[in-house]
Novice: 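Take this structure, written in structure tokens, and hold onto it; I'll ask about it next.
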There are 2 protein chains.
Amino acid sequence: MKKETFSISEFAKSTGVSVRTLHYYDEKKILKPKRDKITGHRVYEKEDMIQLHKIMTLKFLGMSLDDIKEYMQPNTFDLNFVDTLRLQESKLIKDKEQIEIALEAIQRTVHLLENEKEVDHAVLVSLLASMQNEKKQQELSKGIIKDEAMKKMFPQTAKDKMVFEKGLLTFYKNVRELCGKPADHPEVKQMLDDFYRLILETLDMDSLEEIADIFSFNMEDKENEERVEAYIQEIERLIPTPLTEQEEAWLEKVTTNYMGPLWDDEERKN
Amino acid sequence: MKKETFSISEFAKSTGVSVRTLHYYDEKKILKPKRDKITGHRVYEKEDMIQLHKIMTLKFLGMSLDDIKEYMQPNTFDLNFVDTLRLQESKLIKDKEQIEIALEAIQRTVHLLENEKEVDHAVLVSLLASMQNEKKQQELSKGIIKDEAMKKMFPQTAKDKMVFEKGLLTFYKNVRELCGKPADHPEVKQMLDDFYRLILETLDMDSLEEIADIFSFNMEDKENEERVEAYIQEIERLIPTPLTEQEEAWLEKVTTNYMGPLWDDEERKN
DNA sequence: ATATCACCTCACGTAACGTTAGGCGCAATA
DNA sequence: TATTGCGCCTAACGTTACGTGAGGTGATAT
């Protein structure tokens, strides 16, 4: 005949949970074992082991102890158990997605940092924020940019993403170094050349005109303009710029200078 | 010229975090904005926004605020940042694996419950525990069972798993219903027939002899016997039986009776 | 004069335990 | 026999990252 009862430490050992946890479950009325009338010690029986397994199982499914307590009352087990499982499922799926996004961001960042030795904090944060909000960013863009253009708006393959990010890194570095130089300085021109070539390559576009085209929203439409404004605001909120205001101002100046002929071209067409 | 400073509520709105969170970060010395000397109100500047983005980014990577605080001191950012990222990565991978196991268990359980209307708690818990510890179970078995046999020991495909679990469900139901009946009762024989057919099918075995073979460990080897004993104990700890002691005793009796000729056969061979 | 606002500082509540801290009865040991 | 140690008990604080009031202040709007 097997031993019928366990002391708390025996029970803990044989089930793998801590004594404190058993105390806690008792206190919270989730698993209340009998007591030795004389000593007051907890006395666990086989039935308690079954109950504890039930608890552990539900916990494994991600339920809170409060939820579990409900399900520990007999008769209530399978009433809406499937519903509860479905709910847990969607929660877990969400968690998993978050983790996957974080994992990808980490892996991409590690890769980036392995090659580049010295990376600016601000740039790194900006990149990470961009990765973090990749999905949201695309969703926001959906309302504002044509569907066909969407595919070209963001790098698609993992490789493209990494190439793009690496290029972005050097671009930002260049901006910081060259900031203040005149727009027609050869290095500045080189920088912008590199940058737009990067975009053309990783975003699978055919020409700079195409980029310009995507960004030329219907500005006559007043309502649309508001949406575009809100869109840009939201993106700015999600993804901080790694540049100072001076750097941004300078960049805009040299970019306008660089793009000048192109924009004029566009204007002339309309 | 843009506005340079923000009140706490403005700052909260424009960054998307709560006022309370900002209070908290201030209190914990993670993000301490300047104060208005007169009113004592917090005054956030653009630099603070950059810092907050850094915080949010690191939080997104799964770091604790304590860890983040370390990285908020300048100069310490990229010292061992890659190492930290790697550490986070392995943590996240672990979490993800747990979630995946739970998700699979949930999905299989939901599937099971959709078809069977009335399922016993104990059986369900046992099944869930089995799913939960599938990996551990296999690892434990590795030390004890030959590698070639391992592949046959557990159902391999998702479909096989589901068929197996469904069969197990009806098997347990039968045991409860038939418990007490004589070993030569036709329904009992039917039950065992069904069960072993299930095993043969889902475990891809050719004969009952093969099953018997797998389980016939080297019992002469004293040391091995101990390991087998420990193995069985651990399995029992991980996966509770859904049967009462009576049911188990009865099952063992009728099984011995059913397997009788087979075992005799084995004995005679040696 | 008063109501409202935006801000402030406490300070408690949350989940699921981990971790002392102090006390009781029983057994082995010096 | 006194002490030590073991296993058990209860009580209570610590943990994380905030949410949610409670109560008070100065400035503005009615």
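Chain identifiers are assigned alphabetically (A, B, ...) following the order of the sequence lines, protein sequences preceding nucleic acid strands; residue numbering begins at 1 within each chain. Keep in mind that the numbers below use all heavy atoms, side chains included, and drop hydrogens, waters and symmetry copies.
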Novice: Just how far, in rounded Å, is C1' of C:dG13 from OH of B:Tyr24?
Specialist: 14 Å
Novice: C:dC8, OP1 or OP2 - any side-chain N/O from B:Arg20 closer than 4.0 Å?
Specialist: no
Novice: Applying side-chain contact (heavy atoms from CB on, under 4.5 Å), can you list everything that pairs with A:Glu252, at least two apart in sequence or on another chain?
Specialist: A:Thr256
Novice: How long is the line joining CE of A:Met56 and C1' of C:dC17, in whole Å?
Specialist: 15 Å
Novice: Hey, is A:Glu4 close enough to A:Lys46 for a salt bridge, meaning N to O under 4.0 Å?
Specialist: no
Novice: Rounded to the nearest angstrom, tell me the gap between atom CZ in B:Phe6 and atom P in C:dA6.
Specialist: 17 Å
Novice: Name all residues meeting the ring pair (Phe, Tyr, Trp, His ring centres under 6.0 Å) criterion together with A:Tyr172; count only those two or more places apart in sequence or in a different chain, and write none if there are none.
Specialist: none
Novice: Among B:Lys91, B:Glu70, B:Gln88, exactly one meets side chain to side chain contact (heavy atoms under 4.5 Å, CB included) together with B:Met63. Which residue is that?
Specialist: B:Gln88
Novice: Could you tell me the separation between the CG atom of B:Asp66 and the P atom of D:dG14, rounded to a whole number of Å?
Specialist: 16 Å
Novice: Which ones in residues 25-37 of chain B lie close to DNA chain D, meaning a heavy atom under 4.0 Å from one of its atoms?
Specialist: B:Tyr25
Novice: Taking only Lys NZ, Arg NE, NH1 and NH2, and the carboxylate oxygens of Asp or Glu, determine whether A:Lys173 and A:Asp120 approach each other closer than 4.0 Å.
Specialist: no
Novice: Short of 4.0 Å, heavy atom to strand atom, which residues of residues 89-101 of chain B count as contacting DNA chain C?
Specialist: none
Novice: Using the test salt bridge (charged side-chain N to carboxylate O under 4.0 Å, His left out), find all partners of B:Lys94 that sit at least two apart in sequence or belong to another chain.
Specialist: none
Novice: For A:Lys32, give me all partners under salt bridge (charged side-chain N to carboxylate O under 4.0 Å, His left out), at least two apart in sequence or on another chain.
Specialist: A:Asp26
Novice: With sequence neighbours left out, what residues match B:Tyr25 under ring pair (Phe, Tyr, Trp, His ring centres under 6.0 Å)?
Specialist: none
Novice: For B:Lys13 and C:dA6, is the shortest distance between a side-chain N/O and OP1 or OP2 below 4.0 Å?
Specialist: no
Novice: Rounded to 10°, tell me the angle between the two end axes of the helix from C:dA1-D:dT30 to C:dA30-D:dT1, each built from five pairs.
Specialist: 40°
Novice: Can you identify which nucleotide, out of C:dC8, D:dC18, C:dC17, has its nearest atom closest to the B:Thr21 side chain?
Specialist: D:dC18
Novice: Which residues pass the salt bridge (charged side-chain N to carboxylate O under 4.0 Å, His left out) test with A:Glu234, not counting sequence neighbours?
Specialist: A:Arg237
Novice: Look at the side chain of A:Arg42 and decide which nucleotide, out of D:dC9, D:dA17, C:dC8, has an atom nearest to it.
Specialist: D:dC9
Novice: Would you indicate, yes or no, if C:dC7 has its OP1 or OP2 atom less than 4.0 angstrom from a side-chain nitrogen or oxygen of B:Ser7?
Specialist: yes
Novice: Should A:Ser18 and A:Thr21 be marked as a side-chain contact (heavy atoms from CB on, under 4.5 Å) after you check the CA-CA gap, both sets of side-chain angles, and the distance that decides it?
Specialist: CA-CA 5 Å; A:Ser18 75; A:Thr21 298; 2.7 Å; yes
Novice: Identify, with sequence neighbours excluded, every residue that meets side-chain contact (heavy atoms from CB on, under 4.5 Å) alongside B:Thr244.
Specialist: B:Gln246, B:Glu247
Novice: Taking only N/O atoms, report every protein-nucleotides 24-28 of chain D pair under 3.5 Å with atom names and distance.
Specialist:
none

Novice: Is the phosphate of D:dC18, meaning OP1 or OP2, less than 4.0 Å from a side-chain N or O of B:Ser18?
Specialist: no
Novice: Which class fits the ring pair A:Tyr44 and A:Phe11: parallel under 30°, tilted 30 to 60°, perpendicular over 60°?
Specialist: parallel
Novice: Where the side chain of A:His41 is defined as all heavy atoms beyond and including C-beta, which of C:dC7, C:dA16, D:dC9 is the nearest nucleotide?
Specialist: D:dC9
Novice: Out of C:dC17, D:dC8, D:dC18, which has the shortest distance to the side chain of A:Ile8?
Specialist: D:dC8
Novice: Between A:His23 and C:dC17, does any side-chain N or O lie under 4.0 Å from OP1 or OP2?
Specialist: no
Novice: Closest approach of A:Gln51 and A:Leu31, non-hydrogen atoms and distance?
Specialist: CB-CD1, 3.6 Å
Novice: Salt bridge (charged side-chain N to carboxylate O under 4.0 Å, His left out) with A:Lys166: which residues, sequence neighbours excluded?
Specialist: none
Novice: Tell me: CG of A:Leu22 to C1' of D:dG7, nearest whole Å?
Specialist: 15 Å
